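Note sheet for the following structure.
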2 protein chains.
Amino acid sequence: MWHVEAEGLIAHDVLAVVLRMAPSSPEVLLWQRAREPHSGRWALPGGRLGATEDVEVSVRRHLAEKVDLGEVAHVEQLSVFSDPHRGPAPRRVATAFLGLVPSDADPAVPADTAWHPVDALPETAFDHGEITRDGLERLRAKLSYTNIGFALAPEVFSISELRRLYAAALGHRVSATNLQRVLTRRGVLVPTGTTAAPGPSGGRPAALFRFSERRLRVTDPFATLRPPEGARDC
Amino acid sequence: MWHVEAEGLIAHDVLAVVLRMAPSSPEVLLWQRAREPHSGRWALPGGRLGATEDVEVSVRRHLAEKVDLGEVAHVEQLSVFSDPHRGPAPRRVATAFLGLVPSDADPAVPADTAWHPVDALPETAFDHGEITRDGLERLRAKLSYTNIGFALAPEVFSISELRRLYAAALGHRVSATNLQRVLTRRGVLVPTGTTAAPGPSGGRPAALFRFSERRLRVTDPFATLRPPEGARDC
DNA sequence: CGAGGTTTTCGCCTGTTGGTCGAAAACACG
DNA sequence: CGTGTTTTCGACCAACAGGCGAAAACCTCG
């Protein structure tokens, strides 16, 4: 260790806020640190940025150590955390990502790793609690104007299930009627034609749907300032 | 220089895409490199992340070398650019920011620095062209669902001027009628009660407005999935 | 000082979107 | 075959945005 900071060289980490919707609340994937600093506290998956990878490749590599990557339906960059005092020296800068796991997936995880409800986090390492809340906030915002729900839902699902997922993520009730109409009109939801078996207590069998696309797309953003009728440049 | 990359230590830069709306198109602030690599090409303002600052403090510090910070009305983080081949070795990771300068500001800039129209960039250094386009894209998106226009407009302005700014940023015509109504209803625009002097060729004097708040705020995001009437959690 | 030109502002109409409610449909069970 | 349960659908309404054209307020020039 020499004058590394005088050299302006800094350790760069990547971190992932991996969320999954439990029946009525969001959960985040955390692992318990066994070494100092912050031994015993719970941390986000992640690690050092490697010499030959960009941050997204890196976060996927580190994530693969904690969870089956095939179960992670979506990954996107959140932001950089670089407060010089965000952890004990030496200084570290981290690029945080948001990862989403469908509600029907239950990937195997190592012994030190577990899901924790976001609204009742255990003692977290460094600023990982704050980063987690940032991740949930991003998810909430994007649920309104993108098709990002595809990453929370199973391949096929009923409107009731989807309603439950949206309600869990957003933290407030969601109207099934409205959800179906809006998402259908936007073209993100398509009926499969099949129906699910009714629950144990009866009830009309639910029609099953799927997302038309399983990649992130912003659904027609705000109407305001939309290009005028003839979509001509000015 | 030792095995720095084996150490996982990486040079971290900050960069700023500073945009200003010329009469009919967006311009970005660039400076011409005088040294290798990429000598002669045009680059975004920025530099090394310092040991005692976070990325936002850092980008403001570097920006101050190229332009009067008092004229920059808004700064926000864009994203991290970390492709191992985004520039010649040694490897560099950069956090990019978006900065906005009101149309009536004309800050003094150094001799090597100038405004360039975004749709006709000169030969840019590294990936700075791509980063610039990312910045403009972010601005366009946020114009629709935030009050970010405050950072493009003078303190007080007429609807016509504002219409021009929005049209320049968005790249398509904008209806003055609609712009005024929508922004007023959202509460981001408030009339000052004063009027501007008519132009040289006459015409009705324009009423002057100001933004109700000169800090970024998201104006009621999508109606979809808005909490139901009684804004109660679930 | 009035006519014609210019720019801004305002009102009206229309189409779309989202929120709400309640009835109807489709199932299980006794 | 009624009752309870769950899902689905239609109808209504309020809010919002886009478009248009008339009216308002100013100029200059004859």
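Keep in mind that what you see is a predicted model, and the values were worked out from it rather than measured. Reckoned from all heavy atoms, side chains included, excluding hydrogens, waters and symmetry mates. Protein chains get the first letters and strands the later ones, always in sequence-line order, with residue 1 at the start of each.
Looking at heavy-atom distances under 4.0 Å, B:Ala176 makes no contact with the nucleic acid at all. At the heavy-atom level, A:Thr195 lies nowhere under 4.0 Å from the strands shown.
Minimum interatomic distance between A:Val101 and A:Val18 (heavy atoms only, all atoms of both residues): CG2-CG1, 3.6 Å. When all heavy atoms of A:Thr124 and A:Gly129 are compared, the closest pair comes out as OG1-N, 3.4 Å. Scanning both residues, A:Pro45 and A:Leu63, for their nearest heavy atoms gives CB-CD1, 3.7 Å.
Comparing C:dT20, D:dT7, C:dG11 against the side chain of B:Thr177 picks out C:dG11 as the nearest. Side-chain proximity of A:Asn178 to C:dT20, C:dG19, C:dT8: nearest is C:dG19.
OP1 or OP2 of D:dC9 sits under 4.0 Å from a side-chain N or O of A:Gln180. When the side-chain nitrogen and oxygen atoms of A:Arg185 are compared with OP1 and OP2 of C:dG15, none of them lie within a distance under 4.0 Å. B:Arg186 has a side-chain polar atom (N or O) that falls below the 4.0 Å cut-off from OP1 or OP2 of D:dA17.
Here B:Thr192 pairs with B:Thr194 under the side-chain hydrogen bond (donor to acceptor under 3.5 Å, both in side chains) rule; sequence neighbours left out. Not counting sequence neighbours, the partners of A:Arg181 by the side-chain hydrogen bond (donor to acceptor under 3.5 Å, both in side chains) test are A:Asn178.
One can place NE2 of B:His172 at 14 Å from P of D:dA17, the figure rounded to the nearest angstrom. As rounded to whole Å, 20 Å separates atom C1' of C:dT17 from atom OH of B:Tyr145. Rounded to a whole Å, the CG atom of A:Leu189 is 16 Å from the C1' atom of C:dG18. Distance A:Arg164 CZ to D:dT7 C1': 16 Å, rounded to the nearest Å. Remark: P of D:dT6 and CG of A:Leu208 are 17 Å apart, rounded to the nearest angstrom. Between the CZ atom of A:Arg204 and the P atom of C:dA23 there is a distance of 16 Å, given to the nearest Å.
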Please list, for nucleotides 28-30 of chain C, all pairs of protein and nucleotide N/O atoms separated by less than 3.5 Å.
none

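Within residues 152-163 of chain A, the residues that have a heavy atom under 4.0 Å from DNA chain D are, in order of number, A:Ile159, A:Ser160.
The base of D:dG10 is not paired with the side chain of A:Arg181 by any donor and acceptor separated by under 3.5 Å.
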Using a 3.5 Å cut-off and no angle test, enumerate the donor-acceptor pairs between side-chain atoms of residues 204-213 of chain A and protein atoms at least two apart in sequence or in another chain.
from     : atom 1 : to       : atom 2 : distance (Å)
A:Ser212 : OG     : A:Gly187 : O      : 2.9
A:Ser212 : OG     : A:Val188 : O      : 3.4
A:Glu213 : OE1    : A:Arg217 : NE     : 3.2

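Sequence neighbours left out, the pairs with a member in residues 119-142 of chain B that pass ring-ring contact (aromatic ring centres under 6.0 Å, His included) are B:His38-B:Phe126, B:Phe126-B:His128.
Under a 4.0 Å N-O distance rule, the pair A:Asp54/B:Arg86 does not qualify as a salt bridge.
The backbone N or O of B:Leu69 lies less than 3.5 Å from no partner atom in the side chain of B:Arg60, so there is not a single donor-acceptor pair.
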